[in-house]
Amino acid sequence: MSTRRLLADRRARRYLAAQTLSLVGDSAMLLACGIWVKELTGSDGAAGLTFLFLTLPALLAPLAGLLADRVRRGRLLVAANLAGAVVLSPLLAVRGPDQVWLIYAVMLLYGCLGLVIAPAQSALLVTLLPEDLLADANGLLRTVRESLWLLAPLAGAGLYALLGGAAVAMLDMATFLGAVALLLSLRLVEPVPERRARDGGALRHWLGEAGAGFRHLGRHPLLRRVVLASAVLALVLGFSESTGYAVVDRGLGRSPEFLGVLQAAQGLGAVLGGLASAAAVRRFGEVRVAAVGFLCLAAGTGLGATEVLGVVLLGRVSTGAGLTVMVIALLTLLQRTTPADVQGRVYAGFEVTTSVPQTVSIGVGAYLIGMLDYRVLLLTQAAVVVLAALLLVRADRLTEPTVAARASGNRAAAGPAGTTGPAAEVPVPCRPGHDGDHDHRAGAGARRPTGAAPSARP
């Protein structure tokens with residue numbers, strides 16, 4: 001019934017269409033860039049570094065979150081998507097190994113755009129929909145996005161094999177422009193964002209504003225424990241960006257393009273996880289559902305250490321389901337428990353606490369893959385993810401105040417008329433990230449490597 005209500009909304013349908021178009025470009029481009037670098041250099045580590053540059057700008061996320069809270073989010077998304085089409089243009093000039101740096105540079109800028117787009121995207125969804133539809137919207141959007149992993153990676157790898165990386169870049173540029181058209185068709189009417197009155201020097205004021213998301217995450221027990229568990233998981237999540245190529249090459253004896261088949265299997269798992277997530281969140285709560293997602297991810301990672309194609313594919317299905325369930329649950333929790341005026345900064349704060357360790361783990365994984373058996377990295381990753389799941393299970397013991405209590409606390413924290421008070425500092429014990437996550441690329445996606453926040457485009 002909730003899904004039917006969601007699809008009855010014209011703006012929600014167009015938002016869903018924009019997400020679908022976005023994933024086509026995201027999945028094809030990110031996979032193609034990794035394959036591109038692998039073939040130009042012959043190095044698994046160099047290919048994994050593609051995603052390191054994608055996540056490297058994560059430290060700037062608080063500023064991006066502040067921007068998302070200080071300008072109209074619809075206009076910001078239009079401008080950022082137009083910029084995305086421009087950012088990809090240098091890829092048309094890549095011809096040989098001496099130009100790999102261009103791919104890295106584009107991935108760096110791609111990551112910067114994701115930082116701006118992802119919090120604005122999440123906050124815009126909260127503006128478009130009532131609270132009781134957020135889990136359904138996140139679940140449906142994620143399901144549609146991830147279902148394209150069944151075709152888009154194969155199409156992207158196939159297009160790369162036939163026409164080269166420049167053709168994939170042109171496809172992604174077209175999807176950026178398509179997302180702009182869909183955003184403009186929403187005809188959003190957003191209120192002018194309110195600004196908090198300055199109560200000190202300029203530097204102190206802006207540092208305080210940018211840090212509001214961290215204060216919101218750190219001042220109540222449940223979100224603090226959720227952040228801890230997610231950060232522990234992120235410490236090893238980046239290993240996948242290098243081990244994936246090793247699984248295909250050393251474990252299965254296939255060409256790099258075969259990674260598209262594994263990504264398609266992961267997409268199948270993501271579809272299954274997305275279809276079940278909204279109902280599971282309503283019945284069991286976001287924290288328990290996210291913990292199950294962690295365990296599915298651990299199981300899938302461990303199965304990747306085998307050299308049997310069927311087992312590896314099953315592991316990828318489990319990984320896809322786990323990542324999707326995790327992203328939907330955690331994103332819904334963040335959206336549901338955050339005041340409207342700090343939605344962007346809380347999203348960005350969570351992004352930093354997960355993307356920074358994930359970025360480190362990508363670099364560490366790219367280094368270790370040349371020294372250790374890839375199976376050692378996979379089993380280590382699985383063990384750490386289980387530990388993170390246990391931390392999350394313990395977090396579920398913490399209670400959440402009623403909606404009325406949260407509303408009362410937020411009103412008490414409001415500033416004088418015409419200003420926005422320090423609502424982000426109200427304790428609200430209670431859910432990234434080009435994609436999704438992180439997810440990322442948050443959720444997620446988005447314009448993010450596997451496991452991140454949702455797609456960075458709406």
Side-chain angles (χ1 to χ4, degrees), residues 9-23 25-26 57 60-89 109-129 134 137 141 172-196 206 209-210 212-213 331 334-335 338-348 351 418-420 432-437 440-447 453-458:
D9 188 300
R10 178 183 63 85
R11 295 189 301 176
R13 291 197 305 271
R14 294 191 179 188
Y15 192 86
L16 177 60
Q19 284 277 37
T20 302
L21 180 62
S22 174
L23 182 63
D26 288 350
L60 300 177
L63 296 178
L66 179 59
L67 179 63
D69 287 335
R70 288 293 174 259
V71 301
R72 294 181 181 180
R73 289 143 181 168
R75 294 181 181 180
L76 177 61
L77 289 171
V78 169
N81 278 278
L82 287 173
V86 176
V87 161
L88 288 168
S89 58
L109 295 175
Y110 215 74
C112 290
L113 281 175
L115 288 183
V116 173
I117 294 173
Q121 171 192 348
S122 177
L124 182 62
L125 187 63
V126 176
T127 301
L128 287 174
L129 298 174
L134 287 177
L141 290 171
D172 199 16
M173 293 166 71
T175 64
F176 267 119
L177 297 177
V180 169
L182 286 165
L183 276 169
L184 292 174
S185 73
L186 291 177
R187 297 182 181 180
L188 297 170
V189 179
E190 296 183 81
V192 177
E194 297 179 341
R195 298 174 182 269
R196 182 177 178 180
W206 289 112
E209 287 284 272
L331 180 57
L334 287 180
Q335 291 171 337
T338 299
D341 62 319
V342 290
Q343 280 278 341
R345 282 167 287 178
V346 169
Y347 183 101
E351 179 84 355
T419 67
T420 301
H434 97 116
D435 283 187
D437 334 346
H440 266 228
R441 295 88 82 214
R447 315 189 63 81
S455 173
R457 281 190 267 164

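Rounding to the nearest 0.5 Å places CG of Leu182 at 11.0 Å from OG1 of Thr175. Residue Asp69 holds its CG atom at 4.5 Å from CZ of Arg345, rounded to the nearest 0.5 Å.
Considering only residues two or more places apart in sequence or on other chains, Val180 meets the side chain to side chain contact (heavy atoms under 4.5 Å, CB included) condition with Val78, Asn81, Leu82, Leu184. Applying the side chain to side chain contact (heavy atoms under 4.5 Å, CB included) test to Ala348 and every residue at least two apart in sequence or in another chain returns Ala61. Residues forming a side-chain hydrogen bond (donor to acceptor under 3.5 Å, both in side chains) with Ser185 (at least two apart in sequence, or on another chain): Arg14.
In terms of modelled atom types and a separation under 3.5 Å, the side chain of Gln343 and the main chain of Ser122 share no donor-acceptor contact. Panel note: side chain Ser89, backbone Val86; a donor-acceptor pair is recorded below 3.5 Å. Checking side-chain atoms of Arg73 against main-chain N and O of Ala68 turns up a donor-acceptor pair under 3.5 Å.
Residue Gly344 comes nearest to Ala123 through the heavy atom pair N-CB, 4.5 Å, listed as atom of the first residue, atom of the second, then distance.
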Name the atoms and distances for all side-chain donor-acceptor pairs under 3.5 Å in residues 111-118, with sequence neighbours left out.
none

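Put simply, the side chain of Leu88 reaches to within 4.5 Å of the side chain of Phe176, judged on heavy atoms.
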